[in-house]
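Notes follow the structure.
Note: hydrogens, waters and symmetry copies are ignored here, and every other heavy atom, side chains too, is used. Chain letters run A, B, ... following the sequence lines, proteins first and then strands; every chain starts at 1.
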Number of protein chains: 2
Amino acid sequence: MHKILILNRNESASDFLGKMLEREGFLQFVASNPETALERIRAIQPQLLIVDLPLEGISGVEMCLQLRAANLNIPTIILGESQDEMDKILLLETGADDYLVKPIGTRELLARIRAILRRTVRNPGLRIRFGDVEIDRERRIVACKGGEVKVTPCEYKLLLFFLQNADRALTRDTILNSVWGYTDYPNTRTVDTHVNKLRNKFEPDPAAPRHFLTVHGVGYRFLM
Amino acid sequence: MHKILILNRNESASDFLGKMLEREGFLQFVASNPETALERIRAIQPQLLIVDLPLEGISGVEMCLQLRAANLNIPTIILGESQDEMDKILLLETGADDYLVKPIGTRELLARIRAILRRTVRNPGLRIRFGDVEIDRERRIVACKGGEVKVTPCEYKLLLFFLQNADRALTRDTILNSVWGYTDYPNTRTVDTHVNKLRNKFEPDPAAPRHFLTVHGVGYRFLM
DNA sequence: TTCAGAATGAGAATCTTATGCATGGGCCTG
DNA sequence: CAGGCCCATGCATAAGATTCTCATTCTGAA
């Protein structure tokens with residue numbers, strides 16, 4: 001979930017914007033002056049800053065320069081009032097990533113937010129977590145309690161399948177079909193073996209599974 | 001010096017734009033249809049793509065989807081004719097990084113180009129380093145522990161591709177597609193062979209790779 | 001002729017799955 | 001409700017299959 005900080009001279013004005021962002025699944029924070037903005041960026045570490053011009057006693061360009069001087073390197077979208085090309089250019093050159101002229105089309109703003117995050121945030125959708133386990137699909141790495149755990153191709157596929165079908169009782173047949181692509185089901189305990197391996201790798205106590213539960217007479221059920 | 005590819009259905013129209021870019025210190029290339037554009041992106045590896053809509057027989061959105069499908073991950077600015085918010089949004093959502101409505105303010109375009117390059121180009125200089133290895137793209141020279149190491153064209157391209165996609169698990173197919181330009185995937189071990197060569201040239205201990213890691217059953221992952 | 005790139009194949013490393021035995025839950029019977 | 005039986009599951013092991021490495025050979029272009 002991405003954090004977005006809105007800088008606006010009167011907080012109420014950013015209320016509408018903030019609501020919209022929350023509706024879209026972002027976490028929004030507010031600052032009403034440059035100083036608190038800088039503080040909060042350091043404290044909260046948002047992925048994006050939206051600056052609603054004009055600010056109190058400081059120009060947008062100065063704000064950008066301060067951000068740069070503070071070495072925060074945070075992606076920034078400016079919402080400005082001026083159609084004047086010169087203003088836009090100055091802001092873009094001093095560090096802003098985008099500039100939109102008010103009145104803002106909310107859907108366009110959203111699209112631009114996403115476009116910027118796509119470039120600057122490392123594929124958030126590709127990370128999944130459960131318990132102490134973190135799966136990074138882009139790197140194809142699984143970590144448990146911060147340390148990398150090696151998983152074989154088969155284990156990896158099975159793990160992803162469990163995550164996709166969390167909290168559902170799955171028969172061995174279903175699993176064999178989806179993960180292995182088998183259409184007929186030999187009397188095998190391959191699934192058991194692999195579940196066992198996943199337990200050993202990811203369950204704090206493999207003898208008392210909390211995530212990879214067995215459903216006696218049926219198969220398995222995975223809990224996040 | 002950054003390379004920019006302009007995609008425009010009639011090349012002459014991009015002449016003005018191209019001249020302007022060259023004046024500003026960019027290297028500009030032109031393509032007049034999507035197919036050659038994709039080819040050239042692979043061949044030239046530009047840092048930015050400017051798409052001047054409309055194209056011949058293909059919509060902007062389709063173009064973006066193709067770029068995405070080809071896994072090229074190239075920053076894209078769209079120059080469009082439509083003021084319609086819906087068009088902008090669609091393009092931004094499908095992968096475009098910015099959308100400008102014609103007529104274009106050249107100075108604003110420039111500022112936006114720079115803003116995007118600032119975020120996407122990792123190394124403003126042409127030198128990249130990892131481990132004991134230093135790559136000088138301007139001179140096309142690779143050095144390891146200070147001494148020059150000869151690399152063949154193929155090895156060089158592969159090396160750069162790894163650097164651009166550091167820390168991501170890459171399938172052989174992806175690599176063959178991006179580095180070799182293959183669209184169908186013969187059952188070949190060409191990639192392995194070349195990775196092997198890179199290991200021998202750049203890994204302190206080729207038997208225990210620290211940079212060119214294999215992801216069993218998938219392909220390879222490069223670590224800086 | 002030379003060199004880079006692509007294909008090949010043998011051997012090594014790694015992964016998959018069958019097997020056997022141990023264990024434990026579920027169900028029947030008394 | 002206890003005891004015992006049966007079957008499902010856990011789990012270690014090893015054989016078998018796959019995938020990877022890398023030296024070598026082949027091919028085509030300069």
Side-chain angles (χ1 to χ4, degrees), chain A residues 140 142 148-162 169-203 205-222, chain B residues 42-43 140 142 149-161 169-203 205-222:
Chain A
R140 219 226 76 144
V142 187
E148 183 181 342
V149 177
K150 278 204 157 194
V151 288
T152 68
C154 211
E155 288 160 18
Y156 188 70
K157 268 169 81 177
L158 179 59
L159 179 58
L160 288 187
F161 181 70
F162 272 134
L170 302 162
T171 65
R172 277 159 236 273
D173 285 2
T174 305
I175 297 172
L176 274 173
N177 191 337
S178 305
V179 178
W180 276 262
Y182 287 6
T183 45
D184 64 337
Y185 309 110
N187 193 13
T188 168
R189 258 161 299 160
T190 302
V191 177
D192 305 50
T193 301
H194 281 87
V195 170
N196 177 29
K197 287 183 176 172
L198 289 181
R199 281 179 181 160
N200 279 317
K201 290 186 179 179
F202 302 115
E203 291 282 5
D205 177 9
R210 305 177 58 83
H211 300 293
F212 304 92
L213 312 180
T214 121
V215 183
H216 200 97
V218 181
Y220 296 95
R221 185 161 62 92
F222 172 80
Chain B
R42 276 194 262 266
R140 217 229 77 146
V142 187
V149 177
K150 279 205 156 192
V151 287
T152 68
C154 207
E155 287 160 18
Y156 187 69
K157 267 171 83 176
L158 179 59
L159 180 58
L160 288 187
F161 182 70
L170 303 163
T171 64
R172 277 158 235 274
D173 286 2
T174 305
I175 297 172
L176 275 173
N177 188 335
S178 305
V179 178
W180 276 264
Y182 287 7
T183 44
D184 65 336
Y185 310 110
N187 194 14
T188 171
R189 263 154 296 163
T190 303
V191 177
D192 305 49
T193 301
H194 282 84
V195 170
N196 176 31
K197 289 180 176 174
L198 291 180
R199 280 180 181 160
N200 280 318
K201 290 186 179 179
F202 302 116
E203 290 281 4
D205 177 10
R210 304 177 58 82
H211 300 293
F212 303 92
L213 312 181
T214 121
V215 184
H216 198 102
V218 180
Y220 295 95
R221 186 161 62 92
F222 172 80

**Message:** Under 4.0 Å, heavy atoms only, any strand: does Thr193(A) hit a base, just the sugar-phosphate, or nothing?
**Reply:** base
**Asked** So which one's nearest nucleotide on DNA chain D is more toward 5', Gly217(B) or Asn200(A)?
**Response** Asn200(A)
**Item:** Nucleotide dC20(D), atom C1' - distance to CG of Leu213(B) in whole Å
**Value:** 14 Å
**Item:** Parallel, tilted or perpendicular, as decided by the 30° and 60° cut-offs, for the rings of Phe162(A) and Phe212(A)
**Value:** perpendicular
**Prompt:** How would you label the contact of Phe212(A) with the nucleic acid (heavy atoms, under 4.0 Å): base, sugar-phosphate, or nothing?
**Reply:** nothing
**Request:** Select one nucleotide: of dT21(D), dG5(C), dC21(C), the one nearest the side-chain heavy atoms of Trp180(B).
**Result:** dG5(C)
**Request:** For the side chain of His194(B), starting at C-beta, report the closest nucleotide among dA23(D), dA6(C), dT17(C).
**Result:** dA6(C)
**Asked** With distance as the sole criterion, do the side chain of Arg199(A) and the base of dG10(D) form a donor-acceptor contact below 3.5 Å?
**Response** no
**Message:** To check you understand the geometry: which heavy-atom pair defines the closest contact between Lys201(A) and Val151(A), and what is its length?
**Reply:** NZ-CA, 4.0 Å
**Complete:** Looking only at dT16(C), dT17(C), dG10(D), the nucleotide nearest the Tyr220(A) side chain is dG10(D)
**Message:** What's Val191(B) touching, base or sugar-phosphate or nothing? Going by heavy atoms closer than 4.0 Å.
**Reply:** nothing
**Prompt:** Taking the side chain of Arg172(B) as heavy atoms from C-beta outward, which of dC20(D), dT17(C), dA7(C) is closest to it?
**Reply:** dC20(D)
**Prompt:** Does a nitrogen or oxygen in the side chain of Thr152(A) sit under 4.0 Å from OP1 or OP2 of dT16(C)?
**Reply:** yes
**Complete:** Rounding to 0.5 Å, atoms OG1 (Thr152(A)) and CG (Leu158(A)) come to a distance of 9.0 Å
**Asked** Are there more than 12 heavy atoms of other residues, nucleotides or ligands under 6.0 Å from atom CZ of Arg140(B)?
**Response** yes
**Asked** Within the distance-only criterion (no hydrogens, no angle test), does the side chain of Glu203(B) pair as donor or acceptor with the backbone N or O of His211(B) below 3.5 angstrom?
**Response** yes
**Lys197(A) NZ - dT9(D) P separation (whole Å)** = 19 Å
**Message:** Side chain of Asp192(B), heavy atoms from C-beta onward: which of dT9(D), dT16(C), dT21(D) has the nearest atom to it?
**Reply:** dT21(D)
**Asked** In terms of ring plane angle, is the pair His194(A) and Trp180(A) parallel, tilted or perpendicular, where the classes change at 30° and 60°?
**Response** perpendicular
**Asked** In whole angstrom, what separates Leu198(A)'s CG from dT16(C)'s P?
**Response** 11 Å
**Asked** Quick one: Leu176(A) CG to dT16(C) C1', roughly how many Å, whole number?
**Response** 13 Å
**Request:** Could you state the atom-to-atom distance from CZ of Arg221(B) to C1' of dC20(D) in whole Å?
**Result:** 17 Å
**Prompt:** Touch check for Lys150(A), heavy atoms < 4.0 angstrom, all strands: base, sugar-phosphate only, or nothing?
**Reply:** nothing
**Request:** List the atom of Asp192(B), the atom of Arg172(B), and the distance in Å for their closest heavy-atom pair.
**Result:** OD1-NH1, 2.7 Å
**Prompt:** What distance separates Thr193(A) OG1 from Leu198(A) CG, expressed to the nearest 0.5 Å?
**Reply:** 11.0 Å
**Request:** Could you tell me the separation between the CD atom of Glu155(B) and the P atom of dC3(C), rounded to a whole number of Å?
**Result:** 15 Å
**Request:** Side chain of His216(B) only, please: which of dT17(C), dC20(D), dA23(D) is the nearest?
**Result:** dC20(D)
**Asked** Going by modelled atom types, is there a donor-acceptor pair between the base of dT19(C) and the side chain of Arg189(A) at under 3.5 Å?
**Response** no
**Asked** Which part of the nucleic acid, if any, lies within reach of Val151(B) when heavy atoms closer than 4.0 Å are counted: base, sugar-phosphate only, or nothing?
**Response** nothing
**Message:** Measuring from the side chain of Pro153(A) (C-beta onward, heavy atoms only), which nucleotide among dC15(C), dA6(C), dA23(D) has the closest atom?
**Reply:** dC15(C)
**Fill in**
Tyr156(A) atom OH is separated from dT19(D) atom C1', nearest whole Å, by 18 Å
**Prompt:** Roughly how far, to the nearest 0.5 Å, is the CZ atom of Arg199(B) from the CG atom of Asp205(B)?
**Reply:** 11.0 Å
**Complete:** One would report the end-axis bend of the helix from dT1(C)-dA30(D) to dG30(C)-dC1(D), five pairs per end and rounded to 10 degrees, as 30°
**Item:** Side-chain N or O of Asn196(A) closer than 4.0 Å to phosphate OP1/OP2 of dG10(D)
**Value:** no
